[in-house]
Novice: 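A single structure is presented below for examination.
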Amino acid sequence: MLLLAAAAAPTWPAPTAGNAVIVSSLVLAVVTGFLAWRELSMPRWLVVLVGIVELALVVMTVQCVLAWVGGNVPEQPIVFLAYLVVCLAAAPGTLWWGQAEPGRWGLGVVAIAGLVLPVLVIRLQQVWTGAGRA
Amino acid sequence: MPDGPDAATVAGSTRHGAGRGLITVYAILAVGSTARAAYELLTKFSHAPLSYTLSAFAAVVYCVITVALIRDTPGWRRVALVGMVVELVGVLVIGTWSVFDKAAFTNPETGKVVSSVWYWYGRDYLFIPLVLPILGLRFLYRTRARPTDPV
């Protein structure tokens, strides 16, 4: 029964890149959370950290698109696409938006993005495979 | 220093400080719940009309609050306040309802529980829907219009 279900259900095409996003965004969350807590200003090298998260996300996206074209189609395409857009925009978007903000919440919004990204990536896997709650 | 009555009673911005954090979380919830509601309404509404209608309602509330916080005018501030009260009452009432009346949130054909955004106090969203309106209302209260204290 399990084998039959596995053969019919779509499989998550980007496990490695997805995990890379989860790990790198958690690092981003810890670093920016610490800097925000200490009320330090936004360091320039933060761009590099956001770049690493974004690189992993782009690899994940490419693998998903290739799988989609190849017939491994997500279970809930609308939800998948919406979450994917949020994922891609989260880190650079909050970095840009936070730069304009004095005080700790400039870094705080980047930390929020770093915390939300792992959840979103797990949700991406669920809506792709249809493994989420009914 | 003679402050004008207007200047003394202006509320804090909802777009800066902790408001910026609130907007970030609300915006993400708004997109997530809207996508979920769109998928549910378009593909399988008849399976569980109650759960899916409630999901759509929650999505609308999140979108309205997000826009209101970004707009950041006295009028939109009131909209955000009303939205957060609706959100808090909604998650408490729907959450409690879903705990005590499982049948209402069950697909009669499959007998499976059909979740909703505020089902079980927002369990699917790590209970953020329960905590967020409390933080939001606290923020609005702290930045409310009031006579400026002499410093």
Side-chain angles (χ1 to χ4, degrees), chain A residues 25 28-29 32-33 35-37 39 42 73-124 126-128 130-134, chain B residues 12-44 47-48 51-52 55 59 63 66 69-70 98 102 105-107 109-117 119-120 122-128 132 135 139 143:
Chain A
S25 60
L28 179 70
T32 51
L35 294 173
W37 172 58
E39 294 203 60
M42 194 179 278
V73 177
E75 185 83 8
Q76 304 178 14
I78 304 170
V79 184
F80 179 81
L81 287 175
Y83 281 5
L84 186 62
V85 170
V86 176
C87 275
L88 288 167
T94 50
L95 183 71
W96 167 76
W97 204 45
Q99 271 175 342
E101 173 71 10
R104 59 167 50 150
W105 283 100
L107 280 156
V109 292
V110 185
I112 291 173
L115 285 177
V116 168
L117 270 168
V119 180
L120 283 175
V121 170
I122 291 167
R123 284 292 296 155
L124 277 179
Q126 290 177 345
V127 297
W128 187 287
R133 288 195 191 87
Chain B
S13 172
T14 58
R15 211 170 5 186
H16 293 284
R20 199 153 274 226
L22 280 176
I23 291 173
T24 309
V25 180
Y26 270 114
I28 292 166
L29 262 185
V31 176
S33 58
T34 303
R36 173 192 183 139
Y39 167 75
E40 289 172 348
L41 295 182
L42 291 175
T43 62
K44 50 182 186 178
H47 294 190
S51 290
Y52 297 154
S55 281
C63 291
T66 306
L69 289 175
I70 293 172
S98 66
K102 273 225 169 84
F105 292 84
T106 302
N107 180 344
E109 280 170 38
T110 62
K112 276 187 180 171
V113 165
V114 182
S115 196
S116 185
V117 174
Y119 178 82
W120 253 93
R123 188 176 63 181
D124 290 6
Y125 295 83
L126 307 172
F127 297 103
I128 291 169
L132 195 57
L135 294 178
F139 168 77
T143 57

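The model shown is predicted, which means the values in this text are computed figures rather than measured ones. Chain naming here is simple, since letters A, B, ... match the order of the sequence lines and numbering starts at 1 in each.
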Novice: For A:V86, is it the side chain, the backbone, both, or neither that has a heavy atom closer than 4.5 Å to a heavy atom of chain B?
Specialist: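 Just the side chain, heavy atoms under 4.5 Å.
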Novice: Calculate, to the nearest 0.5 Å, the distance between atoms CG and CZ belonging to B:D124 and A:R123 respectively.
Specialist: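 Here the interatomic distance stands at 7.0 Å.
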Novice: Below 4.5 Å from any heavy atom of chain B, which atoms of A:V85 appear? Answer side chain, backbone, both or neither.
Specialist: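 Answer is neither: A:V85 stays 4.5 Å or more from chain B.
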Novice: Below 4.5 Å from any heavy atom of chain B, which atoms of A:V116 appear? Answer side chain, backbone, both or neither.
Specialist: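 It is the side chain, since no backbone atom gets that close.
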Novice: Under 4.5 Å heavy-atom distance to chain A, tell me which part of B:L126 shows up: side chain, backbone, both or neither.
Specialist: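 Only the side chain of B:L126 comes within 4.5 Å of chain A.
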Novice: At what distance, to the nearest 0.5 angstrom, does CG of B:L22 lie from CD1 of A:I112?
Specialist: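 Reported to 0.5 Å precision, the distance equals 8.0 Å.
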Novice: Once you round to the nearest 0.5 Å, how far does CD1 of B:I23 lie from CH2 of A:W105?
Specialist: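 Separation between the atoms: 11.5 Å.
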Novice: Looking at B:R20 and A:W97, would you say the former's side chain and the latter's main chain have a donor-acceptor pair under 3.5 Å?
Specialist: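 Flag set: sc B:R20 to bb A:W97 pair under 3.5 Å.
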